[in-house]
Every structure is written in structure tokens, then in C-alpha cells.
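Written out below as C-alpha cells is the structure these notes cover.
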Amino acid sequence: MNIRLASLEDERTLYDICVITGDSGKDATGIFDQPDLLGDIWVGPYLHLSAEHCYVVQNDDGVPLGYCIATLDTTSFETVTDAVWWPAKQAFYRKPDISKQDSWSRDERIAHLIHNPLRSPSEFLEEFPSHAHINLVPEMQGKGWGKKLMQAMEDSLRSAGSQGVHLILSAKNQIALAFYKAVGYQIIFERPGEIGVGKKL
């Protein structure tokens with residue numbers, strides 16, 4: 001096992017890992033009719049637009065078993081994705097009818113995020129301008145690789161001049177919250193269904 005920079009050749013595998021951990025940390029395989037929705041939100045933009053801060057842990061055959069992907073400047077990243085990433089995805093995925101929100105399927109709830117991209121709270125971006133996502137397949141969890149991936153990501157952002165990084169997780173994912181706290185992150189905001197954690201670099 002070793003950690004390396006991610007590449008576009010890893011995209012399919014990282015999308016699959018995103019699904020394996022896509023139900024608040026649990027396996028979402030079979031839950032979505034269009035499982036690539038998850039990767040198109042939480043993997044693709046970073047791999048295509050911020051590859052210099054994206055890392056994977058790979059097995060001896062070079063196959064990724066986990067990733068930690070990040071972007072240096074959240075504000076700039078959101079501007080760029082609005083211009084070059086989301087329009088194509090919005091054209092591909094049908095916009096769900098907001099008047100029928102109470103009966104949306106899981107796919108429609110995620111597709112809504114394609115048409116209304118998630119934003120980090122601006123009031124925390126001066127102190128924690130960077131943000132990241134991390135996922136590992138179940139057999140890699142609890143073995144120290146998550147911490148090593150986080151360190152690689154943090155070192156990359158720090159070297160590029162970032163003073164802080166944040167992550168946003170489901171409020172249901174208490175296992176992830178415990179992990180972040182164990183590697184030095186603290187809760188910096190809470191909003192319905194989500195928790196934000198941050199760390200100074």
C-alpha cells in the first residue's frame with residue numbers, strides 16, 4: 001500500500017468508491033438508478049479541476065482503495081465549477097420538480113444538488129479557505145490510512161499557502177465525525193443535516 005497523487009485514469013474507481021461509502025458512510029450500491037450522480041458531485045470536479053491536491057491510497061497493483069481530494073481556494077473553485085463543470089451535468093441530469101419535493105426519489109434529491117450546487121458558508125472561508133473530501137473502502141478503514149491521506153492532503157494545501165481546511169459531512173455520519181476529531185479537526189458550523197469541521201494548517 002502507498003499514497004500517490006490521483007490521476008484522471010483513477011476516475012472510474014474513485015466514482016465507485018464514492019458509491020460504496022455514499023449512504024452516510026455506508027454502502028449505497030443499488031440505492032441509486034444513476035449512481036454516477038454521487039461522483040459527479042463529490043469526485044469529478046476535484047479530479048478535473050484541482051488534481052494537484054488529490055491523493056489516493058493504492059494496493060500493490062496500483063488500484064485505488066481510498067482517496068482524499070481537495071481544493072486550495074473554495075471561493076475560486078465554486079466560481080470555476082459554476083462555469084465549466086455544472087452546466088454539462090445540469091444538461092445531462094433532469095432537474096427535479098421542486099413542487100414535488102416531498103416525494104422525490106433518492107436520485108432526485110441528489111440531482112437537485114447538481115442544479116443547486118452545495119456551497120461552503122462564506123463566513124468560515126477566511127479562516128478555512130480550502131476544503132476536502134475523503135473516502136476509503138471498508139477494508140481500509142481503521143488501519144491508519146485515512147490519517148495518512150489527510151496528512152498528504154494537508155501538506156499539499158499548506159505548501160500551496162492555505163491556512164486552513166474544512167470538510168462537510170452528513171450529520172448522520174458520527175463515525176466520520178469521530179475520525180475527524182481524532183485527527184485534529186473541530187466542529188466549525190452546523191446546519192440542517194450537515195456538520196462542518198475545520199483545521200488550521
Side-chain angles (χ1 to χ4, degrees), residues 3 5-6 14 17-18 21-26 37-57 66-86 109-110 112-114 116-136 140-141 144-201:
I3 292 174
L5 275 170
L14 301 195
I17 293 172
C18 192
T21 58
D23 185 16
S24 296
K26 300 176 183 177
L37 273 165
L38 302 177
D40 280 339
I41 294 174
W42 287 292
V43 174
Y46 303 87
L47 204 55
H48 283 264
L49 303 173
S50 186
E52 66 273 21
H53 301 298
C54 296
Y55 291 86
V56 299
V57 55
Y67 61 81
C68 187
I69 53 181
T71 189
L72 179 65
D73 184 280
T74 296
T75 301
S76 296
F77 182 76
E78 291 176 350
T79 299
V80 172
T81 53
D82 283 346
V84 305
W85 183 260
W86 298 123
R109 290 200 296 271
I110 302 299
H112 176 72
L113 301 180
I114 294 280
N116 299 272
L118 296 166
R119 295 285 188 261
S120 296
S122 58
E123 63 266 30
F124 296 97
L125 294 182
E126 183 174 350
E127 193 171 5
F128 304 99
S130 305
H131 77 266
H133 301 282
I134 181 172
N135 275 314
L136 293 95
M140 291 295 288
Q141 297 173 14
W145 288 105
K147 181 178 181 179
K148 291 177 181 178
L149 277 171
M150 294 288 279
Q151 289 174 336
M153 172 272 293
E154 291 165 5
D155 288 346
S156 174
L157 294 175
R158 188 182 297 111
S159 295
S162 177
Q163 64 177 11
V165 59
H166 70 276
L167 299 93
I168 300 174
L169 62 147
S170 167
K172 298 178 182 178
N173 198 342
Q174 292 299 306
I175 293 175
L177 180 59
F179 165 73
Y180 294 133
K181 288 182 175 179
V183 294
Y185 287 73
Q186 61 181 356
I187 294 175
I188 58 172
F189 67 84
E190 296 184 59
R191 55 189 183 185
E194 293 180 336
I195 296 173
V197 296
K199 182 179 182 179
K200 289 288 208 151
L201 298 177

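Positions are given from 1, in the same order as the sequence printed here.
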Mind checking the [atom1]-[atom2] spacing from [X] to [Y]? Nearest 0.5 Å is all I need.
X      : Y      : atom1 : atom2 : result
Leu125 : Thr75  : CG    : OG1   : 4.5 Å
Ile69  : Leu49  : CD1   : CG    : 11.0 Å
Leu169 : Ile187 : CG    : CD1   : 8.5 Å
Lys148 : Cys68  : NZ    : SG    : 14.5 Å
Ile195 : His166 : CD1   : NE2   : 14.0 Å

Of the non-hydrogen atoms in [X] and [Y], which two are nearest, and what is the gap between them?
X      : Y      : result
Ala152 : Ile3   : CB-CG2, 4.2 Å
Arg119 : Pro117 : NH1-CB, 3.3 Å
Leu201 : Val165 : CD2-CG1, 4.0 Å
Gly198 : Phe128 : C-CE2, 3.7 Å
Gly39  : Pro45  : O-CD, 4.1 Å
Ala70  : Cys54  : N-SG, 4.1 Å

Hey, does [Y] have a side-chain heavy atom less than 4.5 Å from the side chain of [X]?
X      : Y      : result
Thr74  : Phe124 : no
Val56  : Leu14  : yes
Leu167 : Met150 : yes
Thr21  : Leu136 : no
Tyr67  : Val43  : yes
Glu194 : Leu118 : yes
Trp86  : Glu78  : no
Met140 : Val57  : yes

Using the side-chain contact (heavy atoms from CB on, under 4.5 Å) definition, which of the options Ile114, Val80, Asp40 pairs with Trp85? Asp40
Surrounding NZ of Lys147 (heavy atoms of other residues, nucleotides or ligands, distance under 6.0 Å), is the total greater than 12? no
Counting only heavy atoms not in Glu123, do more than 12 sit closer than 6.0 Å to its CD atom?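 Yes, CD of Glu123 has more than 12 neighbouring heavy atoms, counting only those of other groups under 6.0 Å.
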For residues 171-181, tabulate all N or O donor-acceptor pairs below 3.5 Å that involve a side-chain atom, not counting sequence neighbours.
from   : atom 1 : to     : atom 2 : distance (Å)
Asn173 : OD1    : Ala176 : N      : 3.1
Asn173 : ND2    : Ser24  : O      : 3.4
Gln174 : NE2    : Ala171 : O      : 2.9

Tabulate below the donor-acceptor pairs under 3.5 Å that side-chain atoms of residues 153-160 make, not counting sequence neighbours, or state none.
from   : atom 1 : to     : atom 2 : distance (Å)
Glu154 : OE1    : Lys199 : NZ     : 3.2
Glu154 : OE2    : Tyr185 : OH     : 2.7
Asp155 : OD1    : Arg158 : NH1    : 2.8
Ser156 : OG     : Glu52  : O      : 3.4
Ser156 : OG     : His53  : ND1    : 2.5
Ser159 : OG     : Asp155 : O      : 2.9

Audit row: His131, Ile168, side-chain contact (heavy atoms from CB on, under 4.5 Å) steps and yes/no: CA-CA 8 Å; His131 77 266; Ile168 300 174; over 6 Å; no
